[in-house]
Structure formats: C-alpha cells, structure tokens
Amino acid sequence: MSKERILVVDDEAGVRSSLQGILEDEGYRVDTDSSAEAALARLSGGQYDLVLLDIWLPKMDGMQALERMIDDELDIPVIMISGHATIESAVKAIQLGAYNFVEKPLSLDKTLIAVQNALRHGRLQQENRALRERVEARHILIGSSPVMRELKKQIGIAAPTNGRVLIFGENGTGKEVVARLVHTQSLRSKASFVEVNCAAIPEELIESELFGHVKGAFTGAISDKIGKFEAADGGTLFLDEVADMSVKTQAKVLRVLQEQKFQAVGSTESIGVDCRVIAATNKILEDEIRAGNFREDLYFRLNVIPFHMPPLRERREDIPTLVTHFIAEFCAEYGKQTKEPTAQALKRLVAYRWPGNVRELKNVTERLVIMVSRDVIEVSDLPLALTRGGDEPLEALGDFSSLASAREAFERQFIVRKLRENNDNVTRTAQALGIERSHLYRKMKAYSIK
Ligand SMILES: Nc1ncnc2c1ncn2[C@@H]1O[C@H](COP(=O)(O)OP(=O)(O)OP(=O)(O)O)[C@@H](O)[C@H]1O
Ligand SMILES: [Mg+2]
C-alpha cells in the first residue's frame, strides 16, 4: 500500500515539526503549511488523505478554511487542532463536518488514535462511494435504437411528475431498470425506492407485507412491523409482477391509492402515506381483466403513464452495444482481460431470438467471460441455441435439403459442444460421446473442427 498523505496546518513552527516527526515515524507522508491560504492552494492540487487544521490561524482561520473545503467538496477527513480558547469553535467545526478535534497541548497517543480513526473513516467513505457508483451503473439503460431513444425521452418527461407509471414487457426486458430510473430521475430520488415482488410473497402474507401489522394481529406477529407502503413514504413503491396479486389484495391496494391512507393488519388507526406507485407486469392486463383476475378500476388507477418495453428481438441494433457493455462489466468484475466477439459470432448474437431478452443476453455474456480464456469469442464458444441459426428447431431443420445434411449439421454442433464441455480434451470428449478417440478425430477432420 502506498503511504497515506497528511497535511498539517498550524502557524506554530513547533507544533508543525513535532506533528511531522511523530506522524512520519508512523509511516505517513507529511507536508506542513503555516497558513490556511497556502494549505487550500496545496489541497486543490494534491492528493491528501487527511488534514490536521489549526483553528486559530493568522489571516483566514481554520473554521473558514474548513467551510471552503466543504464548499469545494474536497471530501477529505479533517481533524481540527484546538487551543483552550477555541473549544467552542471545535464543537462547531464538527457540526460543520470536521471528523474530530484534538486539544493543545497535543497528547501524542490521542493524536495518533484520532489520525488512525480519521484515515479509516476516509477509506470507508471512499469504498462506499465506489460501491454506490457501481450500483448506480447497474441502472443504466443501454440502447440507442429508435424505440429505446423514445422510451428514454418519455422517462425524462414522466419521471419528475408524480404520475403513476405502469410498465409492460416480457421477462428480462428491463422493467425494473426503468422503474429505478424513473425514481432516480424524480424529485423523490433522495427518499427510498421500495420494491415488492407480488409474485414472490405468499397470499397470506402480502397484506402484512404491504401495510404492516401490529403485534398479535395473527399467529406469528410477535411485534409491530411497518409495511412497504409506509417504508416508501416520501419515495417510490415498486409493485413488481402486479398481476400476481389476489383480487382481494387488489381491492385494498386500490383503496390506498384512492385515499392515500391505510390501516396496518390488526389495527384501526389510519396511517397517511405519500408514495408514488410504479407497477410492472409481464402479463397482458386486458386479458387478465377479461378473465376476472385483475380489477379494471385498479388498472385505470395504475396506468396513468404506460411504458412498453420492447422485446430485444425487435431492436436488434442494440445487441452489439449491450454485448460490449456486459463483457466490459463482467471482465472488470471477474478481473479478466477484455474480449471481443468475432464478426461471425456477433452475427449469431444479433440473429438469435432472445426469448429471455436482455437478462438472457447478460447471462450468456457472463458465461462467455468466465469460460473463454482467449481474447476473442468465436462462434464455437456460443451456446448451442445460438449457433443453430434460429432457436426454433423446426425452422432450423427447414434449411436442410436432406436428412443427411441435417444429421451432419447436428452432429457437428454436438461434437463442438462436447469438446467445449471437456475443455477441448479429445480423449475425454470421445469418452463422453461413447466413441473411439480415432473415430472422433476422423469426425473432427471431416467437419473441419480445430
Ligand atoms: N437496456 C438495458 N441496459 C442495460 N441493462 C439492462 C437493460 N435491460 C435490462 N438490463 C439488465 O438485464 C437484467 C434484467 O432486467 P430487469 O430485471 O429490469 O428485467 P425485467 O423486465 O424486470 O424482468 P422480469 O420480468 O423477469 O422481472 C438486469 O440485470 C438488468 O440490469
Ligand atoms: Mg423484474
């Protein structure tokens, strides 16, 4: 690890040199300044992990310097150095955002502990920031096809309003990504985004999950619990797979939407909430309404702003960008060297029907990043479904003129797959296929498999 850098700012030469001495003995890199002005100039250019800042300084004092650092979002932990007369200021400095203060005359031990704690705090904050950035990067909506561009435009318009959003689309098309984007681009982005997967919660529990319950409301309710509606107060509630709610629960949700208040299970007290509801479904709600599975009045309540997620096969031009994006993401995650599909492999990726949409594409690229050690991805690396040309076996068979050519095509693919499963080890592949090694070699030669 490289040495951590500390800046000491004090007008007393004695304090500067003694702090520099003890901190350097501990293995830190230390610079010193005698004025706030000099320190601020240095901080704007250099990389420091911690500042020790005297409160009383000749021209600009430590408090003003601290305010400037906060305004400039320098994000470095600061320990104030306080004399007897400046203790009150030290307390105020902490309210402003300083990490801690030490008192003159400086105690060696206390100062060192304060320095170690502040540095650890800074490291944690930096890690947090990096994690948050990674999480947010997972909510970006890739795609510049006309439909996706239009969708992004609509999100931009709808997000800052409080309008309820209903997102339709097949599995894996990005409904949740859109729901989160609407939240982060809304005026509620600082408050919570609370997700409820209506399909994943057993019917008996869903009301308690949504509205909370009081202690003793039912067997097992051993304490009060707040529900998702309340947790999302001021923020956004995402009702995923909304069509999987029972009709009875739908009636209760409808009432909350109408009245903006509800009662916890087992309670008579009304709780008021202000949350924006976003719902998503992969079902055709009109069909569900006709079949009596979904309340039409709830449908109208939820469906103020509809978004339709296009299936991936209807925007194939986005596939290359998605592939590049996911490969980069997984290579970074797994610490692998970056790779690229060959033109032929990319053609297959684009031509495939992707019944599982972006989620399926993401899974395939993850697998390729893990399994392919070379820096190019070839057609033979792709899952069988993609290399068959179409994923509909019957359609694929239609391309063959005779039984012999269909059998050969299948046989070749099958051998390629088995070889891959066995890490290109011919002996093991032959065993897996139940044929002689020499037989496999002849087949490989006949089908020009390398
Ligand atoms: N346009 C996109 N750009 C980048 N990543 C995407 C995009 N669309 C989907 N993803 C990713 O694909 C995966 C599936 O997306 P998401 O969970 O939003 O789909 P969904 O429509 O909610 O699916 P389901 O109906 O199965 O719940 C997620 O990992 C998501 O990050
Ligand atoms: Mg989803």
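All ligand and atom numbering here is 1-based and tracks the order in the structure. From a predicted model like this one, the values you see are computed outputs, not experimental measurements.
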Should [X] be listed as contacting ligand 1, given a heavy-atom distance under 4.0 Å as the test?
X      : result
Asn357 : no
Ile140 : yes
Gly169 : no

message: Under a 4.0 angstrom heavy-atom cut-off, which atoms of ligand 1 come close to Glu176?
response: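 Close to Glu176: 17 (O), 18 (O), 22 (O).
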
field: Nearest non-hydrogen partners of Gln413 and Leu384, listed with the distance
entry: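 Gln413 and Leu384 have their closest heavy atoms at CB-CD1, 3.5 Å.
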
- request: Work out which heavy atom in Ala232 is nearest to a heavy atom in Cys275; give both atom names and the distance.
  value: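 Closest heavy-atom pair between Ala232 and Cys275: O-CB, 3.3 Å.
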
His325 N/O under 3.5 Å from ligand 1 N/O: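 No, since none of the N or O atoms of His325 sits under 3.5 Å from an N or O of ligand 1.
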
query: Any idea which protein heavy atom is nearest atom 1 (N) of ligand 1, and the distance to it?
result: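 Ranking protein heavy atoms by distance from atom 1 (N) of ligand 1, first comes Ile142 O, 3.0 Å.
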
- request: Considering heavy atoms of the protein only, find what lies nearest to atom 24 (P) of ligand 1 and give residue, atom and distance to 0.1 Å.
  value: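 Sorting protein heavy atoms by distance from atom 24 (P) of ligand 1 puts Gly172 N, 3.6 Å first.
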
message: If the threshold is 4.0 Å, N to carboxylate O, is there a salt bridge linking Lys283 and Asp244?
response: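 Looking at Asp244 together with Lys283, the answer is yes, because their closest N to O distance falls below 4.0 Å.
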
message: Over 60° means perpendicular and under 30° means parallel, so tell me whether Phe330 and Phe326 are parallel, tilted or perpendicular.
response: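 If you compare the ring of Phe330 with that of Phe326, the planes turn out tilted.
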
query: Parallel, tilted or perpendicular: which describes the rings of Phe211 and Phe229, with under 30° parallel and over 60° perpendicular?
result: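 It falls in the parallel class, under 30°.
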
query: Using heavy atoms and a threshold below 4.0 Å, how should the contact between Phe238 and ligand 1 be classified: side chain, backbone, both, or neither?
result: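 The answer is neither.
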
task: From atom 25 (O) of ligand 1, work out which of Met148, Lys175, Glu170 has a heavy atom at the shortest distance.
output: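 It is Lys175 that holds the nearest heavy atom.
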
Atom NZ of Lys92: over 12 foreign heavy atoms under 6.0 Å: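 Open.
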
